[in-house]
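What follows is a single structure, written as structure tokens, with notes after it.
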4 protein chains.
Amino acid sequence: MDVGFIGLGQMGAAMAACLLRGGHRVTVHNRTAARAQPLIAQGARVSDSVAEACRGDAVFTMLADDLALESTSFGPGGVLASLARNCIHVSSSTISVELAERLARAHAENGGTFVAAPVFGRPEAAAAGKLFVVAAGERAALERLGPLFSAIGQRTFVVADQPPLANLVKLSGNFLIGAVIEILGEAMALTGKAGIDGHAYLEILTATLFGAPVVRTYGALIAARKFEPAGFTVPLGLKDIQLALRAGQDLSVPLPVAALLRDRLLSLVAHGRGHLDWSAAGALAAADAGAPYP
Amino acid sequence: MDVGFIGLGQMGAAMAACLLRGGHRVTVHNRTAARAQPLIAQGARVSDSVAEACRGDAVFTMLADDLALESTSFGPGGVLASLARNCIHVSSSTISVELAERLARAHAENGGTFVAAPVFGRPEAAAAGKLFVVAAGERAALERLGPLFSAIGQRTFVVADQPPLANLVKLSGNFLIGAVIEILGEAMALTGKAGIDGHAYLEILTATLFGAPVVRTYGALIAARKFEPAGFTVPLGLKDIQLALRAGQDLSVPLPVAALLRDRLLSLVAHGRGHLDWSAAGALAAADAGAPYP
Amino acid sequence: MDVGFIGLGQMGAAMAACLLRGGHRVTVHNRTAARAQPLIAQGARVSDSVAEACRGDAVFTMLADDLALESTSFGPGGVLASLARNCIHVSSSTISVELAERLARAHAENGGTFVAAPVFGRPEAAAAGKLFVVAAGERAALERLGPLFSAIGQRTFVVADQPPLANLVKLSGNFLIGAVIEILGEAMALTGKAGIDGHAYLEILTATLFGAPVVRTYGALIAARKFEPAGFTVPLGLKDIQLALRAGQDLSVPLPVAALLRDRLLSLVAHGRGHLDWSAAGALAAADAGAPYP
Amino acid sequence: MDVGFIGLGQMGAAMAACLLRGGHRVTVHNRTAARAQPLIAQGARVSDSVAEACRGDAVFTMLADDLALESTSFGPGGVLASLARNCIHVSSSTISVELAERLARAHAENGGTFVAAPVFGRPEAAAAGKLFVVAAGERAALERLGPLFSAIGQRTFVVADQPPLANLVKLSGNFLIGAVIEILGEAMALTGKAGIDGHAYLEILTATLFGAPVVRTYGALIAARKFEPAGFTVPLGLKDIQLALRAGQDLSVPLPVAALLRDRLLSLVAHGRGHLDWSAAGALAAADAGAPYP
């Protein structure tokens with residue numbers, strides 16, 4: 001298929017490479033053109049403009065935040081103005097439910113097709129084409145996108161036909177990751193202060209009822225107090241928790257653990273720890289109990 | 001080996017049966033004698049007194065709470081007064097760290113040996129000899145108990161030589177189960193109110209980062225709002241969360257999510273929901289968002 | 001002095017009337033012109049446009065929220081475009097710190113003068129000219145405004161020379177009112193469930209350490225469960241708590257009680273209680289303890 | 001009247017002196033006899049035993065905690081065993097509702113009379129006979145005690161005929177003091193970080209809606225960060241908050257702000273700040289926002 005790909009950050013570049021490996025023709029665009037170089041070697045065409053990337057069967061956007069997606073989508077020369085007939089806009093960024101709603105509405109008014117397909121997985125998974133794709137949109141569009149999702153992910157979950165619901169699932173998932181960081185942090189503060197080794201404790205957890213990747217990954221970081229280099233920084237985590245709280249607000253759903261997490265992450269920012277991985281939030285229960293601040 | 005077993009509730013009876021199947025000679029004792037009948041058929045000896053159960057190589061106590069273990073252990077005719085030389089007292093109940101400390105001290109003063117070996121697993125796992133044993137005590141004693149632990153569990157974790165630490169790990173584990181109930185409840189309140197099916201949502205979670213038994217088991221109960229019959233009732237959950245908070249208090253460790261859970265469970269009791277499974281706490285975020293009270 | 005007054009809600013109309021009684025010439029403007037009628041009888045001039053209200057010594061804006069003030073201030077024909085040389089823009093609305101910052105910046109760029117002067121007090125206090133004015137801005141401007149503040153309030157507090165700080169003080173004050181509602185709600189849930197009469201309890205509080213107007217006013221509403229008619233509705237309270245949380249976010253200040261309050265108010269909205277006075281949040285601790293939902 | 005007074009701490013000694021000044025015959029008893037010396041000069045009789053203090057019209061106990069009152073009340077030579085016919089036991093200590101219930105029951109079984117009369121006020125108020133007395137018990141007994149309450153306090157509030165309810169009111173009052181410390185701490189963290197002076201801010205609060213002694217007293221301590229010398233230490237505050245939470249638990253009343261306060265105070269203990277005044281909890285919101293730990 002002919003695919004455009006806008007946004008070549010760590011995740012986006014890996015996803016575009018997977019599409020190339022999957023045999024698709026990929027036209028990439030990035031604000032900073034240099035990021036496109038490695039992909040050219042793998043066969044990508046590079047375009048200077050957003051518009052050129054919007055002329056195939058689909059165009060992915062994988063951008064940092066609402067602001068970036070908003071400015072890339074709206075306005076003259078943006079995705080909405082440039083989208084070819086039959087080209088599907090696939091948004092894989094982690095964005096607000098609200099922006100997803102605006103985009104869905106704007107595309108519908110334009111007669112275009114919009115699909116939200118945020119992904120779960122870290123850069124390694126993206127490089128290996130092993131992401132999980134959470135997709136929402138019209139059934140026909142999702143079917144057409146099947147080969148592309150197969151190229152980037154190990155499994156696709158279709159959650160609804162309204163695109164914003166895929167974004168809500170993604171935000172709720174990031175909230176759950178943060179929540180696991182918090183509860184592991186509390187449990188390890190308690191057992192750790194009594195003298196139990198964090199790694200040994202974690203082995204008990206994962207061997208019994210808690211054997212999930214999220215527990216293994218984040219538990220190990222908390223046990224080792226290894227918050228640098230950051231895989232996902234405190235401000236990025238804070239942004240997503242705020243988006244989850246905002247979604248809760250719009251739906252009138254109180255989320256007390258999300259509120260607690262927000263406070264943990266704000267405290268890290270206030271203490272100049274914005275460069276740390278957001279798993280540092282898992283060290284704050286221990287800090288409240290007298291351990292050094294992470 | 002010669003083993004006494006005091007406390008034939010659902011868990012205790014299953015554990016005693018495993019010991020019998022493992023080829024050990026088991027003398028059982030229960031306040032309500034009728035509970036011993038099925039075990040007699042499997043070869044157990046029954047004793048009227050606590051004392052008789054304390055004459056072998058080890059005596060397990062698997063009782064409902066601190067009060068029951070306290071009254072069985074102390075006083076004339078109790079475990080401490082009756083324990084034969086070389087008989088190890090193995091406490092598998094979920095009790096307070098404080099009582100474990102008192103028992104450890106009292107046994108030490110008596111020249112006896114005390115091991116804490118609480119278990120993770122539900123009655124089905126106990127029946128199948130597939131519990132996880134979390135043990136703490138003197139190394140030599142733990143080694144002698146190896147064959148008994150193998151009979152009841154699929155794996156034994158040795159956490160420390162001070163027995164109370166095993167109880168702390170057990171309490172922290174129950175706190176984590178409750179915490180997972182809460183955070184799943186929040187995430188499912190958010191996504192559910194937007195119209196996403198709970199079971200479909202759960203499938204995404206468990207297929208991606210959150211594929212742990214605790215998520216599968218409790219997530220399914222919350223998604224189905226199936227809180228009866230109770231596997232573990234609200235008051236039992238509340239008791240354990242209070243013991244975790246109490247342990248936190250004694251160690252000066254604030255545990256905000258445990259405090260939230262305590263409030264959730266108190267609210268269920270206040271609403272006359274004490275007969276429900278404690279996973280009903282996972283329906284309270286949705287209730288706060290306007291869904292029916294569980 | 002010559003004063004413009006934009007925004008004739010319950011509070012604004014009362015404040016404009018006070019200015020008239022204080023001997024000032026007042027030109028009023030309101031989106032819905034009918035609201036100006038009673039003031040004409042008291043001597044006010046009415047203007048159809050925002051611009052006409054911006055030609056005196058000062059123009060007050062007393063509008064419902066950020067959106068209303070924003071659309072009245074910016075754009076062609078707005079306050080910024082219309083402000084006469086030497087006319088001071090006095091914003092008395094409860095708005096976000098962020099909008100106050102934007103207004104301060106925009107006025108500065110225009111060479112105009114901006115003062116933030118939000119007020120504490122209910123409509124009765126406004127009618128009696130007994131508000132408390134919390135003002136921030138350039139000293140010279142505040143001095144010139146003295147006679148106007150005296151006309152509407154019993155006392156003026158100058159908090160800073162940067163206008164947004166007055167808005168922050170106002171938001172923090174509304175947060176504190178909400179927080180008192182919550183803590184009274186908890187204390188009264190506890191003592192009430194034991195059988196102590198709420199009014200009698202409140203008398204003890206106010207006669208001893210807690211004798212503040214906020215305790216008397218809101219305590220009486222909670223004790224009587226009298227949440228209609230609303231003096232200040234749940235959504236208005238929620239809006240202000242969110243602005244306080246937002247200010248906390250921008251300053252990296254975690255505010256756990258504000259987060260709790262937000263959840264209380266969201267729950268009221270979710271239960272269709274948006275028409276109630278926000279003191280209904282003070283009935284939710286009791287509801288969690290089994291009392292009827294307000 | 002003939003009065004016994006047991007417990008001559010700072011509060012007790014001041015109350016006993018007031019009784020003497022009121023013209024009553026007072027027999028004092030204290031574990032550490034030296035504390036009685038100053039009262040002898042004012043006319044008190046000293047007794048070596050609890051029993052001798054229990055032979056008049058009433059005997060007050062004003063002891064540090066549950067443990068002290070329990071050991072003074074029960075057992076041979078204790079208040080219960082020694083109480084003369086017609087002598088009323090008046091407990092003014094801040095104790096658990098549970099112990100008050102046990103005492104009320106034990107006295108009833110003994111045919112004796114028990115009144116709970118905890119007091120609000122600091123040592124200065126006690127010295128001036130200006131305490132507030134919160135009393136509960138049989139009407140006839142309360143009437144007989146009138147002259148004694150008048151000697152120690154400026155006002156007596158009768159809350160119920162079941163004594164434990166007076167203790168519940170006292171605990172709820174101490175919870176409210178702590179809650180005010182927390183919410184002032186949050187508001188001052190927010191405004192303080194923006195640059196507003198704490199004392200100036202407090203003046204606005206107390207001049208407007210928040211003019212209560214509790215705001216003035218604790219607000220000034222927080223603004224000045226003056227937590228030494230302690231009027232009421234962190235561990236004492238923690239004990240009372242735990243008693244309030246315990247009362248909430250027994251009545252199934254969730255108290256989220258009390259839970260937050262408990263965490264604040266636990267954190268102070270964990271950081272070795274047990275010697276500070278409990279108003280130091282009001283500095284923790286600022287500490288979370290990056291200010292120095294108190």
Side-chain angles (χ1 to χ4, degrees), chain A residues 97 120-121 132 134 155 157 159-160 162 164-165 168-169 171-173 175-177 179-180 182-184 186-197 200-201 203-215 217 244 247-248 251-258 260 285-286 288-290, chain B residues 97 120-121 132 134 155 157 159-160 162 164-165 168-169 171-173 175-177 179-180 182-184 186-197 200-201 203-215 217 244 247-248 251-258 260 285-286 288-290:
Chain A
V97 174
F120 280 102
F132 293 99
V134 176
R155 187 164 166 192
F157 299 93
V159 296
Q162 308 117 279
L165 293 192
L168 183 66
V169 168
L171 292 174
S172 80
F175 154 62
L176 279 175
I177 295 172
V180 167
E182 168 64 26
I183 67 179
L184 286 178
E186 294 189 20
M188 291 165 86
L190 180 64
T191 53
K193 196 163 179 184
I196 294 166
D197 174 70
Y201 178 65
E203 202 197 324
I204 300 177
L205 294 184
T206 51
T208 57
L209 295 176
F210 305 94
V214 69
V215 175
T217 305
L251 290 161
S252 297
V253 181
L255 299 169
V257 174
L260 171 61
D288 283 344
Chain B
V97 174
F120 280 102
F132 293 99
V134 176
R155 187 163 165 193
F157 300 92
V159 296
Q162 307 118 279
L165 292 191
L168 183 65
V169 168
L171 291 175
S172 80
F175 154 63
L176 279 175
I177 295 172
V180 167
E182 169 64 26
I183 66 179
L184 286 177
E186 293 188 21
M188 292 166 85
L190 180 63
T191 53
K193 196 164 180 183
I196 293 165
D197 174 69
Y201 179 64
E203 202 195 325
I204 300 176
L205 294 185
T206 52
T208 56
L209 293 177
F210 305 94
V214 69
V215 174
T217 304
L251 289 161
S252 297
V253 182
L255 299 169
V257 175
L260 171 61
D288 283 345

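Order of the sequence lines fixes the chain letters, A, B, ..., with proteins taken first and strands second; residue numbering starts at 1 for each chain. Please read these numbers as outputs of a predicted model, since none were measured by experiment.
Heavy atoms of B:Ile177 lying under 4.5 Å from chain A belong to its backbone as well as its side chain. Contact of B:Ile183 with chain A is made through backbone and side chain together, with heavy-atom distances under 4.5 Å. If you measure heavy-atom distances from B:Ala187 to chain A, the contacts under 4.5 Å come from both the backbone and the side chain. Neither the backbone nor the side chain of B:Gln162 comes within contact range of chain A, judged by heavy atoms closer than 4.5 Å. Contacts of B:Ile204 with chain A are made by both backbone and side-chain atoms, with heavy-atom separations under 4.5 Å. Contact annotation for B:Ala286: neither backbone nor side-chain heavy atoms come within less than 4.5 Å of a heavy atom of chain A. Only the side chain of B:Phe132 comes within contact range of chain A, with heavy atoms under 4.5 Å apart.
Comparing B:Leu205, B:Leu168, B:Thr208 by how many heavy-atom pairs each has under 4.5 Å with chain A, the most go to B:Thr208. Considering only heavy-atom pairs separated by less than 4.5 Å from chain A, the leading option among B:Val215, B:Leu171, B:Val257 is B:Val257. When A:Pro256, A:Ala285, A:Ala247, A:Gly121 are compared by the number of non-hydrogen pairs under 4.5 Å with chain B, A:Pro256 comes out ahead. Per-residue heavy-atom pair counts under 4.5 Å with chain B were compared for A:Leu255, A:Ile196, A:Val169, A:Thr191, and the maximum is reached by A:Leu255. Contact count versus chain A (heavy atoms, under 4.5 Å) is highest, among B:Ala207, B:Ala160, B:Gly173, for B:Ala207. With chain A as the partner, the residue from B:Phe175, B:Phe120, B:Phe210 showing the most heavy-atom pairs under 4.5 Å is B:Phe210. Ranked by non-hydrogen atom pairs under 4.5 Å with chain A, the options B:Thr206, B:Val134, B:Thr217, B:Leu260 are led by B:Leu260. Listed options A:Ser252, A:Ala179, A:Ala244 were ranked by heavy-atom pairs under 4.5 angstrom with chain B; first place goes to A:Ser252.
Nearest heavy-atom pair across A:Val253 and B:Lys193 is CG2-CD, 3.6 Å. Shown here for B:Ala258 and A:Glu186, the closest heavy-atom pair between the two residues is N-OE1, 3.7 Å. Of all heavy-atom pairs between A:Gly211 and B:Ala212, the closest is N-CB, 3.6 Å. Nearest approach of A:Leu190 to B:Ser172, heavy atoms of both residues: CD2-CB, 4.3 Å. Residues A:Leu209 and B:Pro213 share a closest heavy-atom pair of O-CD, 3.4 Å.
A distance of 6.0 Å separates CG of B:Leu184 from CG of A:Leu176, quoted to the nearest 0.5 Å.
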- Test side chain to side chain contact (heavy atoms under 4.5 Å, CB included) applied to B:Tyr201 and A:Val159, step by step: CA-CA 8 Å; B:Tyr201 179 64; A:Val159 296; over 6 Å; no
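Evaluation of the side-chain contact (heavy atoms from CB on, under 4.5 Å) rule for A:Ala200 yields A:Asp197 as partners, not counting sequence neighbours.
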